[in-house]
Amino acid sequence: PESITVGELALRLKATAAEVIKKLMANGVFASINDEVDFDTASVVAMEFHAKVEKEVEVTIEEQIIDDSEDTDADLETRAPVVVVMGHVDHGKTSLLDAIRHTNVTESEAGGITQHIGAYQVNLDGRMVTFLDTPGHEAFTTMRARGAMATDIAVLVVAADDGVMPQTVEAIHHAKAAKVNIIVAINKIDKPGANPEHVMEELTKYELVPEEWGGDVPCIRVSAKQKTGIKDLLEMILLVADMKELKANPNRAAKGVVIEARLDKGRGPIATMLVQNGTLHIGDIIVAGTSVGRVRAMASASGKEIEAAAPSVPVEITGLDSVPTGGDTFNAVSDERLARQLVEQRRTAQKEELFNSRTKVTLDNLFEQM
Ligand code: GTP
Ligand code: MG
């Protein structure tokens, strides 16, 4: 607190309010018992009483239980890149992801991939890449808004026969705002009307200058349908990932972001989460937005039951007491009681926020809505 009432100050100084008021007056401050004085004024008076007023530091539950300490270089280990595929409707995002999965030469869990998880891992000659299959840009936008950017690289899919469209532009803005590396996949080059050069020309209007024209944006020509250019795209993803030297500390409490979540009739809330730092274990107590609980079961993107998930690994978990929101951050914590308190606090704050936003209806906008 930056200020204190005269009465409270007197209490702390073990003096009477009258004595404090007198001292204040001597210093040119005219205040009554219920008035507030600022920290500096309080200090001056306290010094006269030969005491020192220490600034009170309020430690929130959040700070008490969420370990946000920085990792030292020695703690850090290389982690897989996290790639999001974005682009205009029908430009071939899903087809491209399918093609990537099938070109995935060392795929050991073929056929087991569940589409609904919204995230999966591909093994490229022993190197893992995590892909986020975010339908629309919604999850991406909320993640960015909450400063929990989960992705390192954005693959921008542009159909060679259609060119840059409104949602392409939107995706460019999102990727730029999030400061992720953009790799352009010019798709559908098999189509008769395909014109990759025209696409590249259009991209320059948005300050995306292709590498082959002296810029820094890799543009890879692909056909998701004929599965051409896929290897080049994957190699480019690995190259960009190498340059970024992506690292995390697997030996700390897990933290990350909720990709998506839903309620299952039998199993309760199910959340797909991406671990961004630390390792998530079965039995961990986690706080995810306004949800809390112990990780009961954990499955990999391919549906396999797993015990632990390292950085960049997407998992599906059960055990939360409610359904979190996509884009929420999550943290593994050690104190269940405090975790529940924190969630209560967040729920109250959320309700207040909702209430305040509702009451901000003016006569004008009330009539506009009718
Ligand atoms: P939304 O999820 O609806 O935004 O679409 P999307 O971007 O995921 O596109 P999707 O992969 O569903 O492909 C849209 C259409 O384009 C489908 O009919 C695909 O078969 C077709 N398509 C995708 N890639 C190619 C390609 O390389 N060549 C050709 N000829 N068609 C393609
Ligand atoms: Mg799709």
Side-chain angles (χ1 to χ4, degrees), residues 82-105 107 110-111 113-122 129-144 150-151 153-176 178 180 182-203 206 208 210 212 217-237 259-262 272 274 301-302 314 316 326-327:
V82 180
V83 181
V84 64
V85 179
M86 303 198 295
H88 194 72
V89 173
D90 274 356
H91 279 197
K93 299 177 292 291
T94 304
S95 306
L96 187 62
L97 285 165
D98 282 346
I100 287 170
R101 283 207 293 257
H102 292 114
T103 316
N104 175 14
V105 276
E107 188 177 59
I113 291 147
T114 42
Q115 194 54 53
H116 69 260
I117 188 163
Y120 60 91
Q121 282 206 303
V122 169
V129 178
T130 301
F131 285 93
L132 293 189
D133 190 0
T134 54
H137 310 306
E138 225 170 282
F140 192 84
T141 313
T142 38
M143 279 188 261
R144 182 163 67 74
T151 56
I153 298 168
V155 169
L156 180 71
V157 181
V158 190
D161 60 334
D162 207 19
V164 171
M165 298 300 279
Q167 274 179 284
T168 316
V169 177
E170 211 181 289
I172 292 171
H173 291 318
H174 282 309
K176 281 195 168 182
V180 296
I182 300 174
I183 297 174
V184 176
I186 303 178
N187 190 31
K188 307 197 187 186
I189 52 161
D190 61 285
K191 284 189 108 174
N195 189 348
E197 273 76 23
H198 183 243
V199 172
M200 297 200 297
E201 222 173 273
E202 286 183 305
L203 288 172
Y206 302 93
L208 294 183
E212 51 191 281
V217 180
C219 294
I220 315 290
R221 294 163 169 80
V222 300
S223 164
K225 194 179 184 181
Q226 301 189 331
K227 300 192 173 43
T228 51
I230 308 296
K231 280 221 128 170
D232 295 337
L233 177 64
L234 293 175
E235 273 164 24
M236 185 53 75
I237 290 171
I259 304 298
E260 58 188 22
R262 67 182 197 281
T272 299
L274 177 74
S302 54
E316 199 180 73

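Indexing begins at 1, ligand by ligand and atom by atom, following the structure's order. Note that the coordinates shown come from a computational prediction; the quantities given were computed from them, not determined experimentally.
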Original post:
Evaluating non-hydrogen atoms only, which member of T94, I189, L97 is closest to atom 2 (O) of ligand 1?
Top reply: T94
**OP:** Over all heavy atoms of both residues, which pair between G163 and T168 is shortest? Give the atoms and the distance, please.
**Re:** O-OG1, 4.3 Å
**OP:** Would you check, one step at a time, whether the test side-chain contact (heavy atoms from CB on, under 4.5 Å) holds for L234 with I100?
**Re:** CA-CA 8 Å; L234 293 175; I100 287 170; 3.7 Å; yes
**OP:** Could you pull out, from K93, K225, Q226, the option with a heavy atom nearest to atom 7 (O) of ligand 1?
**Re:** K93
**OP:** Indicate whether any N or O donor in one side chain lies under 3.5 Å from an N or O acceptor in the other, for N187 and H91.
**Re:** no
Original post:
Is there a nitrogen or oxygen of L96 sitting under 3.5 Å from a nitrogen or oxygen of ligand 1?
Top reply: no
Original post:
Given T228, V89, D90, D190, which has its nearest heavy atom closest to atom 14 (C) of ligand 1?
Top reply: D90
**OP:** Only one of I182, V84, I237 passes side chain to side chain contact (heavy atoms under 4.5 Å, CB included) with I153; say which it is.
**Re:** I237
Original post:
Can you name the nearest heavy-atom pair linking V157 to G92, along with the distance?
Top reply: CG1-C, 4.2 Å
**OP:** Write out the residue and atom name of the closest protein heavy atom to atom 17 (C) of ligand 1, then the distance separating them to 0.1 Å.
**Re:** S95 OG, 4.7 Å
Original post:
Got a sec: is T94 within less than 2.8 Å of the Mg ion (ligand 2) via an N/O/S atom?
Top reply: yes
Subject >> Distance filter under 4.0 Å to S223 heavy atoms, resulting ligand 1 atoms >> reply: 27 (O)
Subject >> Heavy atom of protein inside 4.0 Å of atom 32 (C) of ligand 1, strictly below >> reply: yes
Subject >> Per-atom contact, atom 27 (O) of ligand 1, protein heavy atoms, under 4.0 angstrom >> reply: yes
**OP:** Specify the protein heavy atom at minimum distance from atom 24 (N) of ligand 1: its residue, its atom name, and the distance to 0.1 Å.
**Re:** N187 ND2, 3.2 Å
Original post:
Is the shortest side-chain N to carboxylate O distance from K176 to E170 below 4.0 Å?
Top reply: no
Original post:
With atoms numbered from 1 as shown, which atoms in ligand 1 lie under 4.0 angstrom from a non-hydrogen atom of H88?
Top reply: 7 (O)
Original post:
Shortest non-hydrogen contact from M86 to A171?
Top reply: CE-O, 3.4 Å
Subject >> Full working for salt bridge (charged side-chain N to carboxylate O under 4.0 Å, His left out) between D161 and K188 >> reply: CA-CA 7 Å; D161 60 334; K188 307 197 187 186; 5.1 Å; no
Original post:
atom 25 (C) of ligand 1: which protein heavy atom is closest, and how many Å away?
Top reply: K188 CG, 3.5 Å
**OP:** To the nearest 0.5 Å, tell me how far I189 CD1 sits from I220 CD1.
**Re:** 11.0 Å
**OP:** Write out the residue and atom name of the closest protein heavy atom to atom 9 (O) of ligand 1, then the distance separating them to 0.1 Å.
**Re:** G92 N, 3.1 Å
Original post:
For ligand 1, which atoms have a heavy atom of K191 less than 4.0 angstrom away?
Top reply: 30 (N)
